[in-house]
2 protein chains.
Amino acid sequence: MKDIARDLGVSLMTVSKALRNHSDISEQTRKRVLKHARQLGYQPNWIARSLATRRTYVVGLVIPDLMHSFFAEVAKGVARKFEPLGYQIVISNSEEKAEVEERQIELLLARSVDGLIVASAQANGRSGLFQTLRARKVPFVLIDRLPAGLGAHYVGVNDEEIGVLATEHLIEQGCRRIAHIRGPAISTGIGRLRGYRRAQAKHGLKAPPEYVVSGRHDDPSGYEAMRDLLRLNPRPDGVFCYNDPVAAGAIKAVLEAGLNVPHDLAIIGAGNVHYSDLLRVPLSTVDQSSSLIGETAADLLAQCMEAKTQPTPKRIWIPPRLVVRESSRRI
Amino acid sequence: MKDIARDLGVSLMTVSKALRNHSDISEQTRKRVLKHARQLGYQPNWIARSLATRRTYVVGLVIPDLMHSFFAEVAKGVARKFEPLGYQIVISNSEEKAEVEERQIELLLARSVDGLIVASAQANGRSGLFQTLRARKVPFVLIDRLPAGLGAHYVGVNDEEIGVLATEHLIEQGCRRIAHIRGPAISTGIGRLRGYRRAQAKHGLKAPPEYVVSGRHDDPSGYEAMRDLLRLNPRPDGVFCYNDPVAAGAIKAVLEAGLNVPHDLAIIGAGNVHYSDLLRVPLSTVDQSSSLIGETAADLLAQCMEAKTQPTPKRIWIPPRLVVRESSRRI
DNA sequence: GTCTATACAGTTATCGCTAAAGAAAGGCCG
DNA sequence: CGGCCTTTCTTTAGCGATAACTGTATAGAC
């Protein structure tokens, strides 16, 4: 910039304004500056700009696991919205651990991100983390998981609805002894479990307590949980799994036991990961529109970042959609 | 920092040095400063620091597709190495497109990353992109793909070896009419094809030209390609697929045609994606140690960033490893 | 008693850019 | 003609740190 100013015999400030299309500059000067800048191959220095403006044009995206294609897809959605706006996205992996998440967010804040999108591993909204975020006035939007007791922007799917949709589908397919491999004690796990119970109650079914077993997020946990379920008597004839990886693990266990999916045991997952169709038995699931979640969260965050005062927390629910494949089709 | 200096009656510089453990400061003063900094909740401003030191402690990772779990795993490996060193990692998605990649790298450079790790979508090493990187003296390490005619740091697996390993395995399993669904015209695709040919030649087999069909990176392309192969007469009895997603799509096509994998047709992929074990037929593959690639590339880049002069380009080959599962086991 | 080395702290000048206020030149108005 | 806008550009002061010097003591050497 200094060189441009010297060469053109104008002040540094004129160059700065011209490059930013500031209204103070005449059309003629602006053009001269832009042209010369191009000739010199001028590249603005973002660091200096950030220091002066206190904006970094960086947003942080904190997710529990990049390997889970659901979050990879969310990340794509976020990128699609933010990149055209000139923002850079930094993805942080919390590995499903609340402490790691907290540390990662601290790091992002230390680097002065302009905003955050978080699929939180915190079970509780009263965690110090959210107070820190509030205190520092960093706009943030939660996605997928909604820590209990937290008034914050949120974009996700109603997990209870997912549970209802999946369970009612199994009932329609003729299942009467429906089990559930539940997820962890966060909003998604709890909501889906609640939906599972509500759907059964609504149809006058009730499952014995041992029909609800605990899994985590991954396929090994689904495999283990299903082996436990298979030992029960009477054996369940339908299983709603917390998510698709868990369901994939579960299918593996059922097949290994020499049983048929869906005839001996129907299985449905949630999330509609991209390889669901390629599994042992193509997996029925409830789609969560992962990339739409990402895009919507990005839009919402963008709004928050522009607004001077934080708008009141907004919750956006994306409707889930049943995707029936072979693993649950019995009629 | 200013506050600390004022409160403690020392100069700003003393505080700065104390916080950085500079040797100029006495143990006593340093402790006073650190303690007071903690009390005030001081957080260093990375932006200002970057402006002054010309180092951002950010490295860019450019990959073709986050959804492909191979690259997600690489990313994890990179993060595991760099995060303890205080670096932030920015992941960019090139969507397998050379122009997008170029633009993404420009953006990363504009943000002054300290270094880059790139799984390039460029077929050709003479691309202007690499000249730009050289000109700007940004240390970078290529992974997975090695654009033709480029002397640069590289970490990956010898793709020809992958092709040989996979093809010889099929031969050992009794396949005699071995086809190949080849990848795109980049080093990985070309190398694996070459390995496929070399292994056949070595064992005195020769496949008709129509046994080599083109795929891309994804499972739909594998599905299409396999349908083409199934129309051939004589039908192949073994297929080596460019990568696991392609192989998964191929398996789907074979099963739909009412044939058995592996008995009518053995299939092997490459990459060992995490869900290989959960597919219709558990997929045999050649493992590429994805996270090790990430870690190794990170180490190498870290070295380059410390060195004042760029060391001569180094190529590191990680040995591939055959993983036999059901899709190819015929004896 | 002078000189030099060492340990510690302070000054000054950036890093590259921007916000905010100031100034020059011209036009319009009563 | 003087006052008051407008338009266009310039000056002045940072943003929050650091690099590279420039001082002071104090201690020990000769």
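Letters go in sequence order (proteins before strands), and every chain restarts at 1.
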Can you tabulate the close N/O pairs, meaning under 3.5 Å, that link protein atoms to atoms of nucleotides 20-22 of chain D?
none

Taking N or O atoms only and anything under 3.5 Å, show me the protein contacts with nucleotides 24-28 of chain C, one pair per line.
none

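For B:His153, the ring pair (Phe, Tyr, Trp, His ring centres under 6.0 Å) criterion is met by no residue, not counting sequence neighbours. A:Asp159 pairs by the side-chain hydrogen bond (donor to acceptor under 3.5 Å, both in side chains) definition with A:Arg192, not counting sequence neighbours. For B:Arg134, there are no side-chain hydrogen bond (donor to acceptor under 3.5 Å, both in side chains) partners at least two apart in sequence or on another chain. Annotation: side-chain hydrogen bond (donor to acceptor under 3.5 Å, both in side chains) contacts of B:Ser291 (sequence neighbours excluded): none. Qualifying side-chain hydrogen bond (donor to acceptor under 3.5 Å, both in side chains) partners for A:Asp218, counting only residues two or more places apart in sequence or in other chains: A:Arg216, A:Ser221.
Applying the salt bridge (Lys or Arg N to Asp or Glu O under 4.0 Å) definition to pairs two or more places apart or across chains, those involving residues 70-91 of chain B are A:Asp65-B:Lys76, B:Arg80-B:Glu295, B:Lys81-B:Asp299. Residue pairs meeting the side chain to side chain donor-acceptor pair (under 3.5 Å) criterion with at least one partner in residues 106-120 of chain B, sequence neighbours excluded, are B:Thr56-B:Asp114, B:Glu101-B:Ser120, B:Glu106-B:Arg136. A side chain to side chain donor-acceptor pair (under 3.5 Å) check over residues 1-18 of chain A, counting only residues at least two apart or in different chains, returns the pairs A:Asp3-A:Arg6, A:Asp7-A:His36, A:Ser11-A:Thr14, A:Ser16-A:Arg20, A:Lys17-A:Asp24.
As a whole-Å value, the separation of A:Leu19 CG from C:dG16 C1' is 12 Å. Rounded to whole Å, atom C1' of D:dT7 lies 13 Å from atom NE2 of A:His22. Between the CZ atom of A:Arg30 and the P atom of D:dT8 there is a distance of 10 Å, rounded to whole Å. Residue A:Asp3 contributes atom CG, which lies 14 Å from atom C1' of C:dC17 at whole-angstrom precision. B:Leu51 places its CG atom 4 Å from the C1' atom of C:dC15, with the value rounded to the nearest Å. Look at CG on A:Asn45: it is 17 Å from P on C:dT14, rounded to the nearest Å. Whole-Å rounding puts the A:Arg55 CZ to D:dG16 C1' distance at 19 Å. B:Leu40 places its CG atom 15 Å from the P atom of D:dG16, with the value rounded to the nearest Å.
Looking at the side chain of B:Met1, the nearest of the listed nucleotides D:dA19, C:dG16, D:dA17 is D:dA17. With C:dC15, C:dC17, D:dC9 as the candidates, the nucleotide lying closest to the side chain of B:Arg54 is C:dC15. Of the candidate nucleotides D:dG14, D:dA17, D:dA19, D:dA17 has the atom nearest to the side chain of B:Ala52. Of all nucleotides listed (C:dT18, D:dC9, C:dA9), C:dA9 comes nearest to the side chain of B:Ile25.
The pair A:Glu99-A:Lys97 does not count as a salt bridge, with every side-chain nitrogen at least 4.0 angstrom from each carboxylate oxygen.
Between A:Tyr87 and A:Tyr57, the ring planes are tilted. Angles from 30° to 60° get that label.
Taking every heavy atom of residues 31-39 of chain B and every atom of DNA chain D, no pair lies under 4.0 Å. A heavy-atom distance below 4.0 Å to DNA chain D is reached by none of the residues of residues 5-12 of chain B.
Considering only side-chain N and O atoms, A:Thr53 lies nowhere under 4.0 angstrom from the phosphate OP1 or OP2 of C:dT18. Between A:Arg20 and C:dT18 there is a side-chain polar atom (N or O) within less than 4.0 angstrom of OP1 or OP2. Not one side-chain nitrogen or oxygen of B:Thr14 sits closer than 4.0 Å to the OP1 or OP2 atom of C:dA9.
Residues B:Leu116 and B:Val59 are not in side-chain contact: their nearest non-hydrogen atoms beyond the backbone lie 4.5 Å or more apart. Between B:Val118 and B:Ile143 there is no side-chain heavy-atom pair separated by less than 4.5 Å. The side-chain heavy atoms of A:Pro147 and A:Leu142, taken from C-beta on, include a pair separated by under 4.5 Å.
Between B:Lys2 and A:Ser26, it is A:Ser26 whose nearest contact on DNA chain D lies nearer the 5' terminus. Each of B:Thr29 and B:Ala48 lies near DNA chain C, and the nucleotide nearest B:Thr29 is the one positioned closer to the 5' end.
When atom types are taken as modelled, the side chain of A:Ser50 and the backbone of A:Arg55 share a donor-acceptor pair closer than 3.5 angstrom. Here the side chain of B:Gln104 pairs no donor or acceptor atom with the backbone of B:Val62 at under 3.5 angstrom.
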